[in-house]
Enquirer: 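One structure follows; several queries about it will come next.
Hydrogens, waters and symmetry mates play no part in the numbers below; they use all other heavy atoms, side chains included. Only a predicted model underlies this, so the values are computations on that prediction, with no experimental measurement involved.
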Amino acid sequence: MNGARILLGVCGGIAAYKAAALTSRLVQRGHVLDVILTDEAQRFIAPLTFAALTRRTVYTSLWENGAAIPHIVLARENALVAIVPATAHTIARIALGLADDLLANVALATRAPLLLAPAMNTAMLEHPATRTHLATLRERGATIVEPESGFLAEREYGAGRLADEETLVRDIERILGRMRELAGERVLITAGPTREVIDPVRFLSNASTGTTGIEIAREALARGAAVDLVLGPTQVPPPVGAELVRVTTAAEMYAAALARAPVATIAVATAAVADWRPAQAFDEKVKKSAEPQTIALKRNPDILAALGERKNGTFLVGFAAETSDVEASARLKLTHKHLDAIAVNDVSGGAGFGTGDNALALLFGTDGRIDLGRSSKRELAARFWDALAVVRGTGG
Ligand code: CTP
């Protein structure tokens, strides 16, 4: 593969010496490395080793060159931040967002993908604190290169030995390769529910959490796209790196999506937009009365259909949640809304809502169909982009 800019962070553990061999290997493969050593790493290996291997400045402190703001420059210029070996302490610092040295600052300031290769004593690795921090980082989209079982520095066998060099090179280059898949694309995603106001304390809404759209946005970013995420009210955190537009009502989502549509090369509508809104929104809280009340409703605009009517080269993907005649109904939407593809899930029995598993199929053309299977929404987002590459004719 073509060379990439990689930031390698080295922490203080016996395995620090292996980071030098990895550096040499990555340089030979054409990559350009900026190396940061933590204070503890320098107890095991000298900056000079990495300077000689990379023929570049090796960074050890936030305070070396006041004018340069090294953490921001390093965070922006590199395509990937790899921390090898990652100690329990640095894993915890990054999971918690502590920024007490140069490496931790870069990890916090970067929007590039993060890879960590833990190496430590078995008990430290298995400690609930370490496991929780690793799970947090994974949840945020970081790649954890699992340590192996083998002979440890303590002269005993156990889990915690740094993954071997082949695995590290493969995983680093896999991330770099993935980042090129959607490079140059601008993806517009609508996600989450909308809220339609009845009065200052009441609204109509639905059970959507926006997780599917958020995971599709996260994966698009990991594949190198610029992402505009128009997100309805949800507690689920959006991915770092997306251009986020928070909206509440369908009307706001409509305006935000249509404003960004002209620059989108791909648009994916995952939002569960309320089809109706109260005809009247009351300024004051409505008092209860003895009589049964009715709420008059007005149709909301169909955002996806509007994108379809105006589309000018944008590859447009809709979602359909159906409970009966699942695929036939979705195919009708595919044509009526001028879509290039539609992802369909069977939501009978409440499946598909929330943060759990889902099952999807992607339909396109007159009878094109790619089954994405049943899996976590994160995994389905990866399969969604793989399938879309096939449909768009760029991936197979
Ligand atoms: N959609 C939209 N704006 C709306 C309604 C829906 O953008 N006002 C989008 C959704 O984001 C989704 C697709 O349209 O991509 C869903 O189509 P829709 O016709 O609303 O189907 P369902 O909600 O699945 O159900 P129904 O068959 O009842 O219309």
Enquirer: Please report the closest heavy-atom contact between Ala330 and Ala320, naming both atoms and the distance.
Expert: CB-CB, 4.1 Å
Enquirer: Can you name the closest pair of heavy atoms from Asn345 and Ala359 and give their distance?
Expert: CB-O, 3.1 Å
Enquirer: Do the charged groups of Asp357 and Lys377 touch, with an N to O distance under 4.0 Å?
Expert: no
Enquirer: Checking Thr143 side chain against Leu115 main chain: does a donor-acceptor pair fall under 3.5 Å?
Expert: no
Enquirer: Using every non-hydrogen atom in the two residues, find where Ile72 and Ala109 come nearest and quote the distance to one decimal.
Expert: CD1-CB, 4.0 Å
Enquirer: Would you say the side chains of Glu165 and Thr167 form a donor-acceptor pair under 3.5 Å?
Expert: no
Enquirer: So, taking the atom named CG in Leu26 and the one named OG1 in Thr54, what distance separates them when rounded to the nearest 0.5 Å?
Expert: 11.5 Å
Enquirer: May I ask you to decide if Ala104's main-chain N or O and Asp101's side chain share a donor-acceptor pair within less than 3.5 Å?
Expert: yes
Enquirer: Enter the distance from Ile198:CD1 to Phe203:CZ here, rounded to the nearest 0.5 Å.
Expert: 9.0 Å
Enquirer: Inspect the contact between Arg383 and Asp371 and indicate whether a charged nitrogen and a carboxylate oxygen are less than 4.0 angstrom apart.
Expert: no
Enquirer: Any chance the side chains of Gln42 and Thr38 put a donor and an acceptor closer than 3.5 Å?
Expert: no
Enquirer: Below 4.0 angstrom, N of the basic side chain to O of the carboxylate: do Glu185 and Arg392 qualify?
Expert: yes
Enquirer: Looking at Arg138 and Glu146, is there a salt bridge between them, counting it only when a charged N and a carboxylate O are closer than 4.0 Å?
Expert: yes
Enquirer: So how far is it from Ile370 CD1 to Leu388 CG, rounded to the nearest 0.5 Å?
Expert: 8.5 Å
Enquirer: Test question: given the 4.5 Å side-chain rule for I, L, V, M, F, W and Y, name all other residues clustered with Leu188, or answer none.
Expert: Val230, Val245, Val247, Met253, Tyr254, Leu258, Val273, Ile303, Leu304, Leu307, Leu316, Val326, Leu334, Leu339, Ile342, Val344, Leu363
Enquirer: Say whether, by atom type as modelled, one donor and one acceptor occur between the side chain of Glu181 and the main chain of Gly224 under 3.5 angstrom.
Expert: no
Enquirer: Hydrogens and angles aside, do Glu173 and His31 bring a side-chain donor and acceptor to less than 3.5 Å of each other?
Expert: yes
Enquirer: Could you tell me whether the side chain of Asn206 and the main chain of Ala272 form a donor-acceptor pair under 3.5 Å?
Expert: yes
Enquirer: Hey, are Arg218 and Glu215 close enough for a salt bridge, meaning a charged N less than 4.0 Å from a carboxylate O?
Expert: yes
Enquirer: Checking side-chain contact (heavy atoms from CB on, under 4.5 Å) between Ile94 and each of Val106, Leu108, Val81, Ile83, which is the one that passes?
Expert: Ile83
Enquirer: Tell me every residue that passes ring-ring contact (aromatic ring centres under 6.0 Å, His included) with Tyr17, counting only those two or more places apart in sequence or in another chain.
Expert: none
Enquirer: Quick check against the 3.5 Å criterion: does Arg25 have a side-chain atom that pairs as donor or acceptor with the backbone of Ala21?
Expert: no
